[in-house]
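Below: one structure, written as structure tokens.
If you're wondering where the values come from, they're calculated on a predicted model, not measured in any experiment. Side chains are part of it too, since the values below use all heavy atoms of this structure and drop only hydrogens, waters and symmetry mates.
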Amino acid sequence: MELSADLADALNNLGAALHQLANVSLESIASIDPCISGVVGGAHDLAVAEHYKHVAEACAQLHVDAEKLNPRWNRTYGRNGTFWTGALKDGRHRGGIPYFCPTGWTRFSLNVCADHEFDQRYDHWGYVYHGTKSKHVGSILTSGIRGSATGMCYCGKDESAVYTSPSIEYAGHPRYARVDINPETRKWVQVVLQCRVDPHAIWKKKSETMGATAAGITIDPNIGNETMEWLIKPNYTDPATGNRYIRDAIVCTGIMLRLTDEHPHNCPAYWWSRDPEYLSSWCMSHHLPKTAPDQERGRKARRSWEVCENTSLTAGFTCSGDPLNDHFEAVPKYVNIDIGKTHMSNQPFAQGGMRHAYYLYAPGVAAVYYDHDSVASSKGFVPSPWFVVKPYRQETLAHIENALHITADQAVDREIRTYKAASYFAALFNKKVAASGMLPRGCGIQFLEPLVFNFNGEVFFGEQFIEGNDFVKWNDNAGVLNLSLDATRQRINEIVAAFSHFTYARSKGTLMVVDVQGWYRPGNTTCHVRDESTSFIFTDPQ
């Protein structure tokens, strides 16, 4: 099935942006993966079009040049895309190896050779899969799959082999296809390489080694657990490096992606995530602290929280330079000032795609940070001792290190600059609309002030905690608008949309403030912010 002409033309215009494949639209595979909520229908070519619409945004998790791709054979597999049951019966040989539908996955096809040559060279080769880390895809495609006597392909004394599987479900186990986070889209991604293999090159077929059989788990209903691993021995030695390679026996034909809007460990749709005991046995959930949104915060509860006797605070950030150029900085007025004893909750009360959110009780902040003259002039303002600290999730830290090539502290600095840039545009917006009558008298937008806490030697991004359950997210960075009753009451969604558009127009298309979320509080009651004219209090801009 070929893609429509319009889609093919759109794909041709994407150019070099295709090397960032991991930033793929989740919505287009929502109807395929039962773990994903928000079902979206659509035919095969429309589904792929939705994927590619979001590819151009920076993610840098996969390094694949556009020349290595063959969009004609991209596929989204599932009941609303390309789908079949049982072994595919299309008249192709594939070396007698059955080909089952990789439901829930999307294939980005690789340009192995001209299409007419492919059938001649590989028609008698069958499909197998090889799970990997997303950062390894580029090097694998460039250098080939290498057998290593000291790494992932070790299978016995003085022997090396590449492990593949006829089952994408087995290759999709996080032991092989590591779960990564894409902070730009806040989606979880797994990568598996789809390969064609010469059946004569298959050295051994072995039982699964992931403990599924012992746990009574059937990995794939189409393939027995006892023949789940297929080993292929390297047949070529590079004379320059001595590295062992597989040559003319296996070829990568596609990059398979599976995306979810929550961590796959929490999705019961996969064979390895259904059984909590099995999941725990592989230590796949130890880094996912259980969220406790209703945890107690009183004095008695805080006795069991982590304590820091000498917490320090960096705050009072002001803008230096223009957010539209490279010289923009957020300069703190207070650097590592001592705020005394603080308590941090043992469990997060919320979590997002990038970070967890923990309570921080810090009564010493008001005494040393707040400007009491300003506080006194703000009618009814009472400094709150409650704050939120937001450590990065483990997957986010891996992305920061491996894809962004910066440290966690540098990532926090970026967060602060993003907050201050958003605040800069909020001030311009408030001034612009003050005389227009668009906003009610005394209504304005304000972003929470970014704070940096040093708690027992760890640096945490933080902000004031806002009480109440009226939090709303109006839009996100994938173009999705919230049109619920809470978001549209009194047409406040139009004000939010106007602000996002204003930032785009004011920056001449350089940037746009999105992921707009927070609280609408006319009269600014119980918000613990100083400007009583503020009605919108926003957090976590992107």
Side-chain angles (χ1 to χ4, degrees), residues 70 73 75 77 82 84-103 105 107 109-132 137 140-141 143-149 152-156 159-173 176-177 191-210 212-213 218-238 243-256:
N70 186 358
W73 301 105
R75 294 291 184 268
Y77 293 98
T82 300
W84 66 92
T85 59
L88 182 61
K89 301 182 185 302
D90 59 354
R92 297 181 182 272
H93 191 274
R94 299 190 184 89
I97 299 174
Y99 180 32
F100 301 100
C101 185
T103 302
W105 294 80
R107 180 178 71 196
S109 183
L110 296 171
N111 189 21
V112 177
C113 60
D115 288 349
H116 69 277
E117 295 179 14
F118 188 89
D119 284 340
Q120 296 176 5
R121 295 172 60 180
Y122 302 113
D123 182 59
H124 283 66
W125 291 24
Y127 280 113
V128 293
Y129 301 94
H130 180 79
T132 187
V137 171
I140 288 175
L141 297 182
S143 305
I145 299 177
R146 181 172 67 249
S148 168
M152 63 177 180
C153 299
Y154 180 71
C155 64
E159 295 177 337
S160 60
V162 166
Y163 280 68
T164 65
S165 177
S167 168
I168 195 171
E169 294 306 315
Y170 186 69
H173 188 288
Y176 304 123
V191 179
V192 168
L193 297 179
Q194 186 183 56
C195 306
R196 286 284 192 107
V197 62
D198 182 350
H200 299 99
I202 299 170
W203 175 43
K204 288 182 181 179
K205 295 182 180 180
K206 297 174 55 179
S207 175
E208 59 87 18
T209 56
M210 304 303 294
T213 303
T218 298
I219 295 171
D220 189 325
N222 295 309
I223 301 165
N225 284 11
E226 68 280 2
T227 58
M228 195 58 69
E229 294 186 356
W230 293 9
L231 280 63
I232 305 167
K233 294 190 71 171
N235 56 8
Y236 170 75
T237 302
D238 186 341
N243 289 333
R244 296 279 289 157
Y245 291 87
I246 295 173
R247 191 175 189 179
D248 299 326
I250 186 170
V251 60
C252 294
T253 58
I255 300 171
M256 309 295 290

Gap separating the CH2 atom of Trp203 from the CD1 atom of Ile232, nearest 0.5 angstrom | 11.5 Å

Test salt bridge (charged side-chain N to carboxylate O under 4.0 Å, His left out) applied to Arg107 - qualifying residues, sequence neighbours left out = none

Closest non-hydrogen atom pair, Ala177 against Gly172 | CB-CA, 4.0 Å

For side chain to side chain contact (heavy atoms under 4.5 Å, CB included), just list the numbers for Thr164 and Ile202, CA-CA rounded to whole Å, side-chain angles, deciding distance to a tenth of an Å, and then say yes or no.
-> CA-CA 10 Å; Thr164 65; Ile202 299 170; over 6 Å; no

Taking all atoms of both residues into account, what is the closest heavy-atom pair of Ile219 and Glu169, and its distance?
-> O-CB, 4.2 Å

Under the side chain to side chain donor-acceptor pair (under 3.5 Å) test, which residues partner His200, sequence neighbours left out?
-> Asp198

Side chain to side chain contact (heavy atoms under 4.5 Å, CB included) evaluation trace for Trp230 with Ile97 = CA-CA 12 Å; Trp230 293 9; Ile97 299 174; 3.8 Å; yes

By side chain to side chain donor-acceptor pair (under 3.5 Å), which residues pair with Asp248, not counting sequence neighbours?
-> none

So OG1 of Thr253 and CG of Asn111: to nearest 0.5 Å the spacing works out to 12.0 Å

Who pairs with Tyr170 by ring pair (Phe, Tyr, Trp, His ring centres under 6.0 Å), at least two apart in sequence or on another chain?
-> Tyr176

With Ser167, which residues qualify under side chain to side chain donor-acceptor pair (under 3.5 Å), at least two apart?
-> Asp220

Report yes if the side chains of Tyr127 and Arg196 come closer than 4.5 Å at any heavy-atom pair, otherwise no.
-> yes

Value for CD (Glu226) from CD1 (Ile223), rounded to nearest 0.5 Å, stands at 10.5 Å

Roughly how far, to the nearest 0.5 Å, is OG of Ser207 from CE of Met228?
-> 8.5 Å

Closest heavy-atom pair, Pro166 versus Tyr129, reported as atoms and distance to 0.1 Å, is O-CE1, 3.7 Å

Can you sort out the partners of Phe100 under ring pair (Phe, Tyr, Trp, His ring centres under 6.0 Å), two or more places apart, ordered by chain and number?
-> none

Asn70 side chain reached by Phe118 side chain, heavy atoms, under 4.5 Å | no

All side-chain contact (heavy atoms from CB on, under 4.5 Å) counterparts of Thr213, not counting sequence neighbours | Glu208, Asn225

Glu117: partners by side-chain contact (heavy atoms from CB on, under 4.5 Å), with sequence neighbours left out | Cys113, Ala114, Arg121

Residues which pass side chain to side chain donor-acceptor pair (under 3.5 Å) with Arg92, listed by chain and number, not counting sequence neighbours = Asp119

Listed partners of Asp123 passing salt bridge (charged side-chain N to carboxylate O under 4.0 Å, His left out), at least two apart | none

Under the side chain to side chain contact (heavy atoms under 4.5 Å, CB included) criterion, do Asp115 and Trp73 qualify, and how do the steps go?
-> CA-CA 10 Å; Asp115 288 349; Trp73 301 105; 3.2 Å; yes

Report yes if some heavy atom in the side chain of Asp90 is under 4.5 Å from a heavy atom in the side chain of Tyr99; otherwise report no.
-> no

Between Leu110 and Gly254, what is the shortest heavy-atom contact and its length?
-> CD1-N, 3.8 Å

To the nearest 0.5 angstrom, please state how far the CE atom of Met256 sits from the OG atom of Ser109.
-> 10.0 Å

Heavy-atom closest contact (Gly131 atom, Val192 atom, distance) = CA-CG2, 4.1 Å

List the atom of Trp84, the atom of Thr82, and the distance in Å for their closest heavy-atom pair.
-> CZ3-CG2, 3.9 Å

Side chains of Lys206 and Tyr163 in contact at under 4.5 Å (non-hydrogen atoms) = yes

